[in-house]
Novice: 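Right, I'll just put the structure down here and ask away after.
Proteins come first, then strands; the chains are lettered A, B, ... in the order of their sequence lines, and each starts at number 1.
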Number of protein chains: 2
Amino acid sequence: MSLENISSNKLFGGWHKQYTHDSQTLNCNMRFAIYLPPQSQYKPVPVLYWLSGLTCTDENFMQKSGAQRIASELGIAIVAPDTSPRGDRVPDDPESAYDFGLGAGFYVNATQQPWRQNYRMYDYVITELPDLIEHYFPVNDKRSIAGHSMGGHGALVVALRNPDRYSSVSAFSPISNPINSPWGQKAFANYLGADRALWKAYDASELIKICGNPVPALVDQGSDDSFLSEQLKPEVLRQVAAEKRYPLNLRIQEGYDHSYYFVATFIEEHLMFHADYML
Amino acid sequence: MSLENISSNKLFGGWHKQYTHDSQTLNCNMRFAIYLPPQSQYKPVPVLYWLSGLTCTDENFMQKSGAQRIASELGIAIVAPDTSPRGDRVPDDPESAYDFGLGAGFYVNATQQPWRQNYRMYDYVITELPDLIEHYFPVNDKRSIAGHSMGGHGALVVALRNPDRYSSVSAFSPISNPINSPWGQKAFANYLGADRALWKAYDASELIKICGNPVPALVDQGSDDSFLSEQLKPEVLRQVAAEKRYPLNLRIQEGYDHSYYFVATFIEEHLMFHADYML
């Protein structure tokens, strides 16, 4: 495995860098971004993985969240992968819809044709990407994970299924119960097939029911999010967590919407939350 | 004069809003963005005007700088206009170059055909836009101005020529001596004509020589900015300011480039600087 550096910018005393690499998991060339805080020049630092939402790439969070300011103070690296496999040879939604195919990998391992050769973002995020990061960069083996919308779903699923690998998890506006949301149903029917029982392995509200080793979780949801009732359904997650006494802090933030302006407002609290478990 | 609101997002307890209006100065429909801090609900607040660089719109600074976090603490509104007149009826560079025409108004009042009907960003920024803002929003008459690259040039020129209207000025990576930079020479030759003596009215390094009523100025420049020596020439500004004992604090920031990652890193210090004069 090898990396190609394609950009480098200094910010808050550290470095934002973009790399490309040939992914064995996804069978395509992938780009990711990493923020290395100034502390990484002297010692290995923990890593927060950030999973973005529909239509995003590695760039949205890095350009819009302002997270690097806090990461530079705390000494935490941030890694942002892309949201799907990419490239001319990767199949896309026939209608190029924004909510399926390219830019919409939903952090699952697809089992159906023509998706299963490339759409394996779950394995990519859990194994190939951390292996790469821990091989090439001055980081230690402490990992946390966070995300927004589709990426909030991804972060919760990844942490709930791999509690030994992640210290903490947080999400903004996650798709909390995708098997009951139109976005999730469309994606899962295509990637995973018609058997809905198999979809539960990628549904945070279902996974909390069977989780034996909880990862501390923080979720923020804007009350004026236009996707709230139809797609996101945080009330389902809240109820299941309460029944299972899962350590979930789910906050409704009055007046905030689904945009990165919401993420920017509360990202400092999310990084402080992760720092409590990683540092 | 009337405004149409086209977007609204809550962030850091305040509101980011975009508006369009028919500009009498520019003879076209224009968009701008405003950040209203939470304090503006209870009292009029001062305004920082932000002028963006080549190719930008009102959105780049609002999405990437993180300035609203500090503005919400200090109680300062931020207004970001577009970087040129816009629309199908506005003439553009025949080759659609990024550094002239649409997205590249250079904050001058054009005197030449076919530009002079629309390309009057200097008057728009100094008069029409503040009149609109002070009529429609809960702001007081304290104004400061800042900008990046072409917008850093614009901010310095606007403040140097209108010291009674602005409390302070700051710039990131400004085009400090445009009459001696390829960007400035191309734009000024087209907008202002062949007589180079007339260009000096839009050159910060020339204006400092004749300024009788100085506005306090802060300038940050990255040492690894790829445009530094050919286009930006901060050393000219520094030398003229030193000769004239102008209150300019010009800082070279080691390792930083021309991107918004640089702006995001130091915007807090710029807002604190302006707060000293506006609050």
Side-chain angles (χ1 to χ4, degrees), chain A residues 6-18 33-38 41 56 58-73 78 80 148 172-173 220-226 228 252-271, chain B residues 6-18 33-38 41 56 58-73 78 80 148 172-173 220-226 228 252-271:
Chain A
I6 57 169
S7 82
S8 187
N9 312 89
K10 190 172 180 181
L11 74 164
F12 294 102
W15 291 91
H16 169 263
K17 292 170 182 277
Q18 288 176 300
I34 185 168
Y35 177 69
L36 290 166
Q41 295 173 47
C56 290
D58 63 293
E59 294 187 332
N60 304 65
F61 180 76
M62 291 296 193
Q63 293 180 353
K64 295 181 175 180
S65 71
Q68 300 95 337
R69 179 181 60 86
I70 312 123
S72 82
E73 291 174 8
I78 302 174
H148 174 235
F172 291 85
S173 332
D220 273 321
Q221 172 63 57
S223 70
D224 283 15
D225 187 324
S226 56
L228 180 54
I252 304 297
Q253 301 289 2
E254 194 61 34
Y256 288 88
D257 63 18
H258 200 69
S259 72
Y260 261 95
Y261 290 120
F262 172 49
V263 174
T265 301
F266 295 100
I267 193 66
E268 177 165 357
E269 295 180 30
H270 283 238
L271 267 86
Chain B
I6 57 168
S7 82
S8 187
N9 312 89
K10 190 173 181 183
L11 72 164
F12 296 102
W15 291 92
H16 168 263
K17 292 169 182 280
Q18 289 176 300
I34 185 168
Y35 177 70
L36 290 165
Q41 295 173 47
C56 289
D58 63 294
E59 294 187 331
N60 304 65
F61 180 75
M62 290 296 192
Q63 294 180 353
K64 295 181 175 179
S65 72
Q68 301 94 338
R69 178 180 62 86
I70 311 121
S72 81
E73 292 173 9
I78 303 174
H148 174 233
F172 291 86
S173 330
D220 273 321
Q221 172 62 57
S223 70
D224 283 14
D225 186 324
S226 56
L228 179 53
I252 303 298
Q253 301 290 1
E254 193 63 31
Y256 288 87
D257 63 19
H258 200 69
S259 72
Y260 262 94
Y261 291 120
F262 172 48
V263 174
T265 301
F266 295 100
I267 192 66
E268 178 166 357
E269 294 179 31
H270 284 236
L271 267 87

Novice: Does the B/His258 side chain pair with the main chain of B/Leu228, one donor and one acceptor, at a distance under 3.5 Å?
Specialist: no

Novice: Distance-only, no hydrogens or angles: does the B/Ser223 side chain make a donor-acceptor pair with backbone N or O of B/Gly255 under 3.5 Å?
Specialist: yes

Novice: Between B/Phe12 and chain A, with a heavy-atom cut-off of 4.5 Å, which part of the residue counts as in contact: side chain, backbone, both or neither?
Specialist: both

Novice: Please classify the contact between B/Asn9 and chain A as side chain, backbone, both or neither, with a heavy-atom cut-off of under 4.5 Å.
Specialist: both

Novice: Applying ring-ring contact (aromatic ring centres under 6.0 Å, His included), name anything that partners A/Tyr261, two or more places apart in sequence or on another chain.
Specialist: B/His16

Novice: Less than 4.5 Å apart, side chain to side chain, heavy atoms only: is that true for A/Arg69 and B/Arg69?
Specialist: yes

Novice: Looking only at non-hydrogen atoms, find the nearest pair between A/Asp225 and A/Ser173 and report the distance.
Specialist: OD2-CB, 3.6 Å

Novice: Go through the atoms of A/Ser8 and report whether side chain, backbone, both or neither lie under 4.5 Å from a heavy atom of chain B.
Specialist: backbone

Novice: Can you tell me which residue among A/Tyr260, A/Phe262, A/Phe266, A/Tyr256 is in a ring-ring contact (aromatic ring centres under 6.0 Å, His included) with A/Phe172?
Specialist: A/Phe262

Novice: Where along residues 58-68 of chain A does a heavy atom come under 4.5 Å of chain B, listed by residue number?
Specialist: A/Met62, A/Gln63, A/Lys64, A/Gln68

Novice: Side chains of B/Val263 and B/His270, heavy atoms from C-beta outward: is any pair under 4.5 Å?
Specialist: no

